[in-house]
Amino acid sequence: MVSVQQQQSPLLNGVIELTKSAQLKNADPLSWAIQLSSILSTGGLSLPSTDVAELLVSYICWENNVGIAWKFLEKAAALRIVPPLFLLSLLSNRVIPKRRSYPVAYRLYMELLKIYVFSLPSLINGPNYQKIMEAIDDTLHLSQIFGLQGSESGLIVVEFVFTIVWKLLDASLGDEGLLDLTAEKRSRWPITSSQDVGLNNHYAFAGGRTEKHEVLCKTNTVMAIEIIGEFFQDKVTSAILYLARRNMPTHWESFTQNLRLLVANSSALRNSKNISPEALVQLTSDKRVVLSRKYKTISHKRFHAVMASGSLVSSADQYHGASPAVLWLPIDLFLEDTMDGSQVAATSAVETLAGLVKALHEVNSSSWQDTFLGLWFAALRLVNRERDSSEGPVPRLDTCLCVLLSITPLAIVNLLEEEEMSCSSANQRKESSTKRHQDLIHSLQQLGDYESLLTPPLPAAPLANLAAAKAMMLHSGLSVGSGYFEGMNLNDMPVNCVGNLRHLIVEACIARNILDTSAYLWPGYVKGRCNQVPRSVSTQMPGWSSLMKGSTLTPPLVSSLVSTPASSLAEIKKIYEIAVNGSDDEKISAATVLCGASLARGWNIQEHTVLFITRLLSPPVPANYSGTESHLIGYARFLNVLLVGVSSVDCVQIFSLHGLVPQLAGALMPICEVFGSCAPNVKWIVMSEEISSHAVFSNAFTLLLKLWRFDQPPLEHLMDAPMGAHPTPEYLLLVRNSQLTSSDDLQKDQSKIKRLTRLSSPLSGEPIFLDSFPKLTLWYRQHQACIASPLSELVPGTPVHQIVEALLNFMFKKINRTGQSLTTTTSGSSSSSGPGNEDVSLHLKLPAWDILEAVPFVLDAALTACAHGSLSPRELVTGLKDLADFLPGSLATIVSYFSAEVSRGIWKLASMNGTDWPSPAANLATVEQQIKKILAATGVNVPSLTIGGNSPATLLLPLAALVSLTITYKLDKSTDRFLNLIGPALSNLATGCPWPCMPVMVALWAQKVKRWSDFLVFSASRTVFHHNRDAVVQLLRMCFAATLGLTTSSIASKGGVGALLGHGFGSHLSGGISPVAPGMLYLRVHRAVPNVMFMTEEVVSLLMHSVRDIASSGLSAENLEKLKKSKCGMTYGQVSLAAVLSRVKLAASLGASLVWITGGVGLVQSLIKETLPSWFLSTHGMEPSGGMSGGIVARLGGYALAYIAVLSGTFAWGVDSSSSASKRRSNTLEAHLEFLAGALHGKISLGCNRTTWTTYVSGFVKLIVECAPNWLLEVDLEVLKRLSMGLKQWDEELALAVLSSSGIGAMGATAEMIIEGGMTFMS
């Protein structure tokens, strides 16, 4: 900026001459100002003029620092000859540093400040406004100091106001000698001049006594502090300072530190008659400022007040019989859905659960104590639903307890750490962390009042009793070592000591350092005291304490450690170190221990155990290794123990819950590649069992295939299927590599180092890709090709052809001995008439990958021979079983090939008559009746289901072969891991086949394992929903009706979580299966629905119908009429309306949960980006009949739609940017906000009810602003401005709220809106 001195134009020289003359004459300031304005206008100078302002300030400071000159300056500002805000900027630079030398000037500056800074609306958008703002920026160096880019006038106003307040604050601190107590020991502003140190001869304007000077300085300090208070009291400047606080947190923290110092130490503040330290603290408190809501009608305001009030839940409970549990319904649904053994997640349930809890905390406006309590309740209900469930092939109890005692505490750890890291100062972190920790403690103390939820399942009871015994002994002041509790039972205790699930929860929290042993002293935590240490069992088995004291891993000790979970990280680390550094036998023993009870029920250290096992599956190359083959071969016995140990369904689920599936897959692929490439020439002995490379390969390969659900037919991988529903190997490796990157970033981020130290062994390794494993890649491509199209021609004489011949001879020995021929006629394959003179076994001493390449052709030949009658069904199944026993890994190809052939539908039907194939006739009709009974009891009616029939049941030949193969397996530990591979695949295959294929399969398996009958029948019901969309809609309708209590069904009469999910699944009634709650049934069948894209429209439709039903059942006709006539809208029937609103929110919460759980992020995006806009564009018959107030129902519908949109978004994306899914949020959200803005500006014609639309927009935007403001930071600023301008037409406060939440880029536009409209934020 060019200074006045550099452009001494004649016109400006005339200003000085006029001023000097007027000063000498003591002229009237108004006359001077009028004459000056006339001269400048005649001279062509545009007013207000920054040049004139500079000239006048330079004239006064300091050669003409007299009263008349200041009066001239004030009149120049009043008549807008000079811009007031620029004048204040100049004076702040000149006067504040000299305030001690020129106290009267400082007083006059503050008087000018009070006149103009609190009159901002009158000072903006005048002539030269933008130029004036830029001059202020240059004068105060705002851009350099705050580091903000851009020259928006609104942005400069925020910086200007913040700067003036900060300068006054630091000047006041300097006046009282407090600046040395600040962190920087000085002010960042030039508030002190070198000539201003001490008193000098410039008293007042032209002399005076030192005493008067000092009094005036002290008075000025008081006035400056009072003006600071006025800045926070004035509605416009306080709103502008709120923007600074929100968008410049680092600067604001420095400012508030100085402010706290002033409050604590200022004598001037204590001497003020206009403001007290307490009042200043209250005015500047972060907790004071929230968005105000001044809606144009009281009715609108009342609706929002009820929706946001803390009494909403109690009102709803009182008048509807609901419980606070409904607020946390999405957690119940999520946790129950994670129990589906057919689904393996690639992401951690800890992160998903933490994000879900944060979302519900924000949307429900709940305290953290209530939030934690709701989370504990949901996890406890999960365990209780499993307490009496029917037995099946997928055990769930250990997984449920993993969720309660490992996943939930870890999610809470994340929530506590995120809160601590989000605070900008150490004091804030300490205060916030302490508060949330206290809320956690109070929730756990309150949990003790709900004993009915706390009874432990029988397998967990001994550990709960030991936890209670430990607490009792420490509570009684008795100090014992951990070894005392090994082998102890209740009979060893001198008093009754029965533990419950709360004791286990507390131990899990103590293990993760979010509680300490002071919890043992909580009232009622232990009942009774013991006065002596109980006598330890004389025949006590050696346990973990023995290991920690240095005992070697003898067989008795290993047996004890396998059956008893480790209780501390030190113990599990000790066994891990042995697995890494011990002898070969010690390593095997340590691996056995790690895969024992510590994995399944070591809840306190489970996250470390799964990580240790995963790392052990990737052993390093020994330092002195020089062999040509892979170093993994030397670890064959060790790896096999680990592979077998983690292969059970519940163990795989535990890895899945902890988010280790991608890492586990990355560890398994090299094992498969190496051992699948080795011929089985070497044998190893592991625990008296002989194994070969084929065994190690098969164990690793079958485990790997469970992780990516290879059995899902690609034909069902529609473009509109849920994203991530069937992870592929490439996807798992992509996630794995991403996790490694995140782990590296975590180690570099010092603010997150605490979370890193929680993991005893952070993720490590290099990125890997599928192409790194050529043999695995070849099989995977063959697998995909096999499913996509029939087999290609097998060329005679090739190595693959020779292996095919050898396998056929091996599988069908009896046929070969009788001289029969087995011809492989399909796909141009050659024929075989026997093994010839070659030894078959020599042909099969081949690497597993070579054998698997030939298996599809073998299956093709065998199936064709059976279809042509040259191979009996029994011989076919026996041959398949022999192949699977020889190389269990071949089960994958068997499933892949048969599934593809079933989908092609070209094979003849096999008659399940009991002669050729096993017969289901003995119980098929019963199974079909039970399936229909389950559906009917849940409210689903499917008339097309045919029951019974005279002719034998039939299955397609490949399906008949696959079913028959599965029932040949014995149920024992050695075959479980293979049945767990083929079982889900068979179930998925049968689900997609026409009725009654699934009942036939279930009937056969129920004959084999009668105790699984109820479970199998229940699982079989999903085939109905695979084929019948109307059945899905009926089930969804029953979910809404049950949750809201809108049905007369006995299982859903009261509504809420209990009605939706019931008590799990089991034969609770004598003589058959008890009714299944609709939510429980839905969570078990929704993955069978092939196309879920229709779900969003159905859920929205059911939600709006539910709103009508809620209104008609929750509001009496009398109250509706009074509501319609009342000006207030809530004067009559306020409580009943609150209850109705609560139920509407519950319905939206259910709808959002179902959309998210069913289709993940993809379906949520479809709801917000496509379904809702389409709904608003369409016409709906929303006017209810029977005298109902259409306006009330329409408004309720708008709220319901707003809640389902925001809730589903928070579930899928999170309320912040901590989840990976949040990266997919911006495009969808921006498109929806663009749609809203277009409709508000009249560019889009709506077909829906106008009241519904306006209520939706206000509700949707309000929820985002209050619950997920970070979303707006990702949206293009121009879109937000258009939305805000559209909202301003009928809700100015909401328009302001949008911009104020949109980040620093929108700060300027927000400030202008505040100033122009007098908008504000209020407490």
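Values below: every heavy atom of this structure, side chains too, minus hydrogens, waters and symmetry copies.
Val326 and Gly1056 make their closest contact through CG1-CA, 3.8 Å (heavy atoms, listed as atom of the first residue, atom of the second, distance). For the residue pair Ala1297 and Ser1300, the shortest heavy atom distance occurs at O-OG, 3.0 Å. Heavy atoms only, all atoms of each residue included: Ala1111 and Val1193 are closest at CB-CG2, 4.0 Å. The minimum heavy-atom distance linking Ala411 with Val350 is given by the pair N-CG1, 3.6 Å. Considering all non-hydrogen atoms of both residues, Trp1175 and Cys1248 come closest at CZ3-CB, 3.9 Å. When all heavy atoms are compared, the tightest approach of Leu1083 to Asp340 is O-OD2, 4.1 Å.
Considering only heavy atoms from C-beta on, Leu382 stays 4.5 Å or farther from Leu404 through its side chain. For the pair Ser406/Glu607, a side-chain contact is recorded, criterion being any heavy-atom separation below 4.5 Å from C-beta on. Contact annotation: the side chain of Glu417 approaches that of Val413 to within less than 4.5 Å [non-hydrogen atoms, C-beta and beyond]. Side-chain contact check for Met1095 versus Leu1167: every heavy-atom pair is 4.5 Å or farther apart. Using a 4.5 Å heavy-atom threshold, the side chains of Ile654 and His658 count as touching. Annotation: side chain of Thr1210 is not in contact with side chain of Cys1267 (no heavy-atom distance under 4.5 Å). Proximity of Phe1094 to Val1032: side-chain heavy atoms (C-beta onward) are separated by under 4.5 Å at one or more points. For the pair Val363 and Lys1145, the minimum side-chain heavy-atom distance is below 4.5 Å.
Remark: the backbone N or O of Leu360 is paired with a side-chain donor or acceptor of Asn364 at under 3.5 angstrom. Side chain of Ser1284 to backbone of Leu1280: no donor-acceptor contact under 3.5 angstrom is found. No donor-acceptor distance shorter than 3.5 angstrom exists from the side chain of Thr1043 to the backbone of Phe1040, with no hydrogens or angles considered. Listed for the Thr938 side chain is no donor-acceptor partner under 3.5 Å among the backbone atoms of Pro1078. Panel note: side chain Ser656, backbone Ala345; a donor-acceptor pair is recorded below 3.5 Å. Checked by atom type and distance alone, the side chain of His1026 pairs as donor or acceptor with a backbone atom of Ala1088 at under 3.5 Å. Within the 3.5 Å criterion, the main-chain N or O of Asp1276 finds a donor-acceptor partner in the side chain of Glu1230. Checking side-chain atoms of Thr991 against main-chain N and O of Ser987 turns up a donor-acceptor pair under 3.5 Å. In this structure, the side chain of Ser1208 engages the main chain of Ala1205 through a donor-acceptor pair within 3.5 Å. For Thr408 (side chain) and Val403 (main-chain N/O), a donor-acceptor pair under 3.5 Å exists by modelled atom type.
How far CG of Asn414 is from CG of Leu353: 9.5 Å, rounded to the nearest 0.5 Å. Here the straight-line distance linking atom OG1 of Thr338 with atom CD1 of Ile407 works out to 8.5 Å at 0.5 Å rounding. Here Leu733 contributes atom CG and Gln663 contributes atom CD; the two are 10.0 Å apart, rounded to the nearest 0.5 Å. Within the model, atoms CD1 of Ile1204 and OH of Tyr1256 stand 10.0 Å from one another, a figure rounded to the nearest 0.5 Å. To the nearest 0.5 angstrom, Trp1253 atom CH2 is 10.5 Å from Ser1258 atom OG. Atom CG of Leu380 is separated from atom CZ of Arg385 by 10.5 Å, given to the nearest 0.5 angstrom.
With sequence neighbours left out, Phe372 forms a ring-ring contact (aromatic ring centres under 6.0 Å, His included) with Trp368. Taking the side chain to side chain donor-acceptor pair (under 3.5 Å) definition, one finds that His1027 meets it with nothing, sequence neighbours left out. Glu1234 pairs by the salt bridge (Lys or Arg N to Asp or Glu O under 4.0 Å) definition with Arg1282, not counting sequence neighbours. Applying the salt bridge (Lys or Arg N to Asp or Glu O under 4.0 Å) criterion to Glu1274, with sequence neighbours excluded, gives Arg1225. For Trp1156, the ring-ring contact (aromatic ring centres under 6.0 Å, His included) partners are Phe334, Phe1211, not counting sequence neighbours. Phe655 meets the ring-ring contact (aromatic ring centres under 6.0 Å, His included) test with no other residue; sequence neighbours excluded. In this structure, the side-chain contact (heavy atoms from CB on, under 4.5 Å) partners of Pro729, at least two apart in sequence or on a different chain, are Met669, Trp708, Leu770, Tyr780. Remark: Ser1021 engages no residue in a side chain to side chain donor-acceptor pair (under 3.5 Å) (not counting sequence neighbours). Listed by chain and residue number, Arg781 satisfy the salt bridge (Lys or Arg N to Asp or Glu O under 4.0 Å) test with Glu730 (two or more places apart in sequence, or in another chain). Partners of Arg381 by side chain to side chain donor-acceptor pair (under 3.5 Å), not counting sequence neighbours, listed by chain and number: Asp332. In this view, Asp1216 and Lys358, Ser1218 satisfy the side chain to side chain donor-acceptor pair (under 3.5 Å) rule, not counting sequence neighbours.
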Let me see the working for Asn988 and Arg1022 under side-chain contact (heavy atoms from CB on, under 4.5 Å), right down to the final yes or no. CA-CA 10 Å; Asn988 287 328; Arg1022 65 188 189 138; 2.8 Å; yes
Could you walk me through whether Thr399 and Glu386 satisfy the side-chain contact (heavy atoms from CB on, under 4.5 Å) test, starting with their C-alpha distance in whole Å, then the side-chain angles of each, then the deciding distance to 0.1 Å, before giving a yes or no? CA-CA 10 Å; Thr399 316; Glu386 186 60 23; over 6 Å; no
Given Ile1168 and Leu1229, is the side-chain contact (heavy atoms from CB on, under 4.5 Å) satisfied, shown in steps? CA-CA 8 Å; Ile1168 296 174; Leu1229 182 63; 5.9 Å; no
Could you walk me through whether Trp328 and Ser366 pass the side-chain contact (heavy atoms from CB on, under 4.5 Å) check? CA-CA 11 Å; Trp328 316 106; Ser366 303; 3.7 Å; yes
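Looking only at atom types and distance, the side chain of Arg1143 has no donor-acceptor partner in the side chain of Ser1106 under 3.5 Å away. Judged by distance alone, the side chains of Tyr1082 and Thr1158 do bring a donor and an acceptor atom under 3.5 Å apart. Side-chain contact of Lys1169 with Asn1227: a donor-acceptor pair under 3.5 Å is absent, judged by distance alone. With 3.5 Å as the limit, one finds no donor-acceptor pair spanning the side chains of Arg1195 and Asn1249.
Taking the six-membered ring for Trp and the full ring otherwise, the centers of His1232 and Phe1260 sit less than 6.0 Å from each other.
Sorted by first and then second residue, the salt bridge (Lys or Arg N to Asp or Glu O under 4.0 Å) pairs involving residues 1026-1044 (not counting sequence neighbours) form an empty list.
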